[in-house]
2 protein chains.
Amino acid sequence: MPVTIYDVAKRAGVSMATVSRVINGSPNVRPATRKKVLKVIEELGYRPNAVARGLASRRTTTIGVILPDISSVFFAELARGIEDIANMYDYDILISSSDANREKELSLIGSMLERQVEGILFLGGHLDDAHRRLFKTANVPVVLVATEDPEREFASVRIDLRRAAYDAVSFLLDRGHERVAFLTDPLHAPMARARYAGYVEALAERGRRVEEHLVVETHPYYERALKAMATLLALPEEKRPTAIFAASDELAIAAVHAVQDAGLSVPDDVEVVGFDNTRIAQMVRPMLTSVVQPMYDLGAVAMRLLTKFIRQEPVESRDVVLPHRIEFRASTRPRVGAP
Amino acid sequence: MPVTIYDVAKRAGVSMATVSRVINGSPNVRPATRKKVLKVIEELGYRPNAVARGLASRRTTTIGVILPDISSVFFAELARGIEDIANMYDYDILISSSDANREKELSLIGSMLERQVEGILFLGGHLDDAHRRLFKTANVPVVLVATEDPEREFASVRIDLRRAAYDAVSFLLDRGHERVAFLTDPLHAPMARARYAGYVEALAERGRRVEEHLVVETHPYYERALKAMATLLALPEEKRPTAIFAASDELAIAAVHAVQDAGLSVPDDVEVVGFDNTRIAQMVRPMLTSVVQPMYDLGAVAMRLLTKFIRQEPVESRDVVLPHRIEFRASTRPRVGAP
DNA sequence: TTGAAAGCGCTAACAG
DNA sequence: CTGTTAGCGCTTTCAA
């Protein structure tokens with residue numbers, strides 16, 4: 001029923017190969033012929049079938065993106081970075097949320113491979129042997145994004161989470177805080193563990209040990225975190241933290257509010273540092289000091305790297321670590337000598 | 001190089017038709033044969049080529065989603081609703097951001113049709129004749145989601161934006177406010193216009209006219225809105241609004257902060273109502289009263305509707321209007337008799 | 001229950 | 001510069 005390349009060829013009085021050439025912008029077509037074919041394409045409303053093309057050419061111009069949850073601000077922003085670069089290179093994007101569920105991840109990877117994606121971007125999960133095996137039999141390049149792979153077996157684009165946490169905690173410790181709390185989503189997640197490692201390291205380097213009660217593990221939602229922090233702040237003053245490092249901005253905001261609810265002031269009584277520097281960091285009062293994770297760039301750089309692998313271009317590094325920094329705002333006290 | 005259905009057939013000593021039947025779960029295969037084939041599939045690590053299948057069967061199990069911006073909280077949440085239902089019906093999703101740019105939208109629609117998507121979900125834009133023409137030649141079902149189409153020509157899933165705005169503004173007016181401001185993103189966007197219509201209607205119904213200076217059009221970002229509101233609040237008291245209806249939660253939060261910056265109190269001096277009831281509404285103090293737009297459900301229902309069209313199942317209504325309501329929180333004063 | 005064979009719509013040598 | 005001819009890997013009649 002739909003118009004095919006064959007219909008166009010017949011009507012234009014040329015072979016389908018010529019039509020194919022016109023469609024694909026081959027220079028080897030006489031201008032007059034091209035014009036004629038183009039006219040017929042217009043008349044017939046011909047629209048090339050990308051599936052057939054994909055089968056014949058073995059190029060689908062599609063890449064697969066697997067992420068924990070597209071509705072999370074963090075991954076949505078990352079996805080946008082991926083999309084923009086993909087677009088620039090004429091790739092379309094197949095997106096699926098995995099809920100960081102291993103089985104779902106594996107099944108999604110399989111499904112994308114069946115669809116003959118030309119590359120896979122895998123975000124924010126944890127790799128085990130099954131993942132590795134699948135990726136290795138894939139025959140298409142894979143880039144991990146914002147994903148912890150201790151083995152560094154696959155190409156990846158990320159920030160140094162451990163170091164970022166280390167920097168944030170060091171900043172707080174160096175201001176003289178005796179008790180810096182760490183508010184985090186469950187520590188079984190690899191990204192949470194990386195931050196925890198940085199927290200521990202910053203303490204250790206100063207001859208301090210982790211005080212169990214200052215590490216607050218909670219579900220990564222505002223309401224839950226608020227309650228968890230309320231409990232911590234109800235402690236007597238000599239056990240209560242005077243600074244809080246939170247693993248996300250959402251957790252940090254919960255911390256800020258818990259402090260205020262306890263009748264204390266941010267930043268005068270308690271300083272708070274968040275993570276990710278999402279839009280919301282600037283939309284609360286006091287505005288949040290936050291570790292900047294360049295989400296859009298992570299996505300963009302990863303996608304660019306993937307195109308290089310697909311085109312077999314040389315790449316400088318398979319493990320790209322993007323810089324992080326701390327954006328200082330009002331949830332911490334002004335730094336001496338800061339602009 | 002990769003294993004094909006033919007390789008499996010040969011090795012299993014059956015025809016490729018039989019292998020195809022096994023893959024597709026056809027009941028017309030002797031159990032012993034099925035088992036043998038399955039074993040070979042396993043041994044060879046055979047993975048069906050979905051592109052070839054799509055070409056042969058004319059079914060790609062792919063649907064196309066076009067939205068203004070995947071990094072926006074609103075659309076990301078909507079996308080998640082779409083995804084979950086799509087998944088349930090074994091569809092994969094091709095997502096693209098259009099930036100609400102007409103040309104981009106048209107080109108994306110074309111590209112998705114070339115890819116033989118089995119249906120299209122079009123979110124949050126404005127339809128003109130070019131869109132309509134494309135959709136009509138598409139031969140695949142289209143569902144508009146959270147999209148204003150005055151002509152109601154295509155199936156759609158949405159809330160009654162005009163009515164929702166009307167309800168919010170009526171609520172404020174009925175509390176005795178003389179001056180209710182409307183803080184909105186640019187009014188050329190159809191969704192913004194719909195809310196504006198509700199604002200006007202609520203006023204008109206009470207014999208009031210729109211006061212130009214109370215309609216504040218701004219870019220839909222916190223910083224810009226904050227400035228715009230500051231200007232408005234700098235007005236002498238008799239021109240200053242005592243209530244603000246904002247077109248999004250982000251704008252509403254800017255309004256709250258502008259009021260506070262002006263040395264006034266929310267809700268005592270100025271009441272503020274937001275829109276969408278995104279997560280952030282509960283993450284600011286005072287917590288935001290907001291019009292609930294069920295984003296996840298909009299996506300889920302739309303996707304479900306699309307599957308019905310694809311399967312040619314009967315549908316009850318082509319214009320699904322989901323209910324909205326107002327979630328009352330602390331940015332408005334307590335209602336008399338409210339729980 | 002199984003197999004043979006004809007496409008699906010296009011690309012990509014190859015020949016001219 | 002253009003046409004011919006094989007496929008790409010699978011589904012789907014139609015027979016057997």
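Residue numbers begin at 1 in each chain, while the letters A, B, ... track the order of the sequences.
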**Student:** Could you check whether atom CD of B:Q312 has more than 12 heavy atoms from other residues, nucleotides or ligands sitting under 6.0 Å from it?
**Tutor:**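 Incorrect, the count does not exceed 12.
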**Student:** Looking at B:I63, is its backbone amide N or carbonyl O close enough to the side chain of B:E118 to form a donor-acceptor pair, meaning the two atoms are under 3.5 Å apart?
**Tutor:**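 Not a single qualifying donor-acceptor pair exists.
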**Student:** Could you pick out which residue, A:A56 or B:V19, lies toward the 5' side of DNA chain D when each is mapped onto its nearest nucleotide?
**Tutor:**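 Looking at DNA chain D, the more 5' nearest nucleotide goes with A:A56.
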**Student:** Can you figure out which of D:dT11, C:dG9, C:dT2 approaches the side chain of B:T18 most closely?
**Tutor:**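 Within the option list, the nearest is C:dT2.
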**Student:** Remember a base hit wins even if backbone is also touched, and classify A:N28 as base, sugar-phosphate or nothing at under 4.0 Å, heavy atoms.
**Tutor:**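 A:N28: base contact, heavy atoms under 4.0 Å.
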**Student:** Near B:Y6 OH, under 6.0 Å, is it more than 12 heavy atoms from other residues, nucleotides or ligands?
**Tutor:**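 No, the 6.0 Å shell around OH holds no more than 12 heavy atoms from other groups.
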**Student:** For B:P27 and B:L55, take the nucleotide of DNA chain C holding the closest heavy atom to each; which residue's nucleotide lies nearer the 5' end?
**Tutor:**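 Closest to the 5' end, via its nearest nucleotide, is B:P27.
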**Student:** Which nucleotide, D:dT4, D:dC10, C:dT11, lies nearest any side-chain atom of A:A17?
**Tutor:**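 When the side chain of A:A17 is considered, D:dT4 is the closest of D:dT4, D:dC10, C:dT11.
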**Student:** B:R58 side chain to B:L55 main-chain N or O, any donor-acceptor pair under 3.5 Å?
**Tutor:**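 Such a contact is absent between B:R58 side chain and B:L55 backbone.
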**Student:** Starting at CZ of A:R47 and ending at C1' of C:dC10, how long is that distance when rounded to a whole Å?
**Tutor:**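 Computing the A:R47:CZ to C:dC10:C1' distance gives 17 Å.
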**Student:** Which nucleotide sits closest to the side chain of B:R30: D:dC10, C:dT1, C:dG9?
**Tutor:**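 It is C:dT1.
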**Student:** Specify the separation, in whole Å, of atom OH of B:Y6 and atom C1' of C:dA5.
**Tutor:**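 B:Y6 atom OH is separated from C:dA5 atom C1' by 13 Å.
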**Student:** Can you tell me the distance, in whole Å, between the NZ atom of A:K35 and the C1' atom of D:dT2?
**Tutor:**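 Distance, rounded to whole Å: 20 Å.
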**Student:** Starting the side chain at C-beta, find the nucleotide from C:dA12, D:dC8, D:dC10 nearest to B:R53.
**Tutor:**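 The listed nucleotide nearest to B:R53's side chain is D:dC10.
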**Student:** I'd like to know if A:R21 reaches the base of D:dG3 with its side chain such that a donor and an acceptor end up less than 3.5 angstrom apart.
**Tutor:**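 Yes, a donor-acceptor pair under 3.5 Å.
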**Student:** What's the CG-P distance between A:N24 and C:dA12, to the nearest Å?
**Tutor:**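 Checked: the CG to P distance equals 7 Å.
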**Student:** Under 4.0 Å between a side-chain N/O of B:S15 and OP1 or OP2 of C:dG3, yes or no?
**Tutor:**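 Yes, such a contact exists.
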**Student:** In whole angstrom, what separates B:I5's CD1 from D:dT11's C1'?
**Tutor:**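 For the pair B:I5 CD1 and D:dT11 C1', the rounded distance is 8 Å.
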**Student:** What is the separation between atom CD on A:E114 and atom C1' on D:dC10, rounded to the nearest whole Å?
**Tutor:**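 Computing the A:E114:CD to D:dC10:C1' distance gives 13 Å.
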**Student:** Does the side chain of A:S97 pick up a donor-acceptor pair with the side chain of B:E83 at under 3.5 Å?
**Tutor:**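 Per modelled atom types, A:S97 and B:E83 side chains form a pair under 3.5 Å.
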**Student:** So, OP1 or OP2 of C:dT2: does either fall under 4.0 Å of a side-chain N or O from B:T33?
**Tutor:**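 Yes.
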**Student:** Is any side-chain N or O of A:R58 under 3.5 Å from a base N or O of D:dG7, one able to act as donor and the other as acceptor?
**Tutor:**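 Checked by distance alone, the answer is no.
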**Student:** Using a 4.0 Å heavy-atom cut-off across all strands, classify B:S20 as base, sugar-phosphate, or nothing.
**Tutor:**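 B:S20: base contact, heavy atoms under 4.0 Å.
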**Student:** Could you check whether A:D319 and A:S156, counting side-chain N and O atoms only, form a donor-acceptor pair closer than 3.5 Å?
**Tutor:**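 The criterion, which ignores hydrogens and geometry beyond distance, is satisfied for A:D319 and A:S156.
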**Student:** Looking at B:V143, B:L78, B:D69, which one forms a side chain to side chain contact (heavy atoms under 4.5 Å, CB included) with B:L123?
**Tutor:**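 By the side chain to side chain contact (heavy atoms under 4.5 Å, CB included) criterion, B:L123 pairs with just one of B:V143, B:L78, B:D69: B:L78.
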**Student:** Hey, is the side chain of A:N49 poking within less than 4.0 Å of OP1 or OP2 on C:dC8, counting only N and O atoms?
**Tutor:**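 No, because none of the side-chain N or O atoms of A:N49 sits under 4.0 Å from OP1 or OP2 of C:dC8.
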**Student:** How many whole angstroms separate atom CE of A:M16 from atom P of D:dC8?
**Tutor:**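 A:M16 atom CE is separated from D:dC8 atom P by 15 Å.
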**Student:** Within the 4.0 Å heavy-atom criterion, would you say B:V14 contacts the bases, only the backbone, or no part of the nucleic acid?
**Tutor:**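 Sugar-phosphate: the residue B:V14, judged by heavy atoms under 4.0 Å, touches backbone atoms but no base.
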**Student:** Give me the bend of the helix from C:dT1-D:dA16 to C:dG16-D:dC1, using the axes of the five pairs at each end, rounded to 10°.
**Tutor:**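 Computed angle between terminal axes is 30°.
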**Student:** Is there a side-chain contact between A:Y46 and the phosphate of C:dC10, meaning an N or O under 4.0 Å from OP1 or OP2?
**Tutor:**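 So the side chain of A:Y46 is within the cut-off, an N or O lying under 4.0 Å from OP1 or OP2 of C:dC10.
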**Student:** Please give, in whole Å, the distance from D:dT2 P to A:K10 NZ?
**Tutor:**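 These atoms are roughly 21 Å apart.
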**Student:** Taking B:T147 for the side chain and B:V145 for the main chain, is one N or O donor matched with an acceptor at less than 3.5 Å?
**Tutor:**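 Yes; at least one donor-acceptor contact below 3.5 Å.
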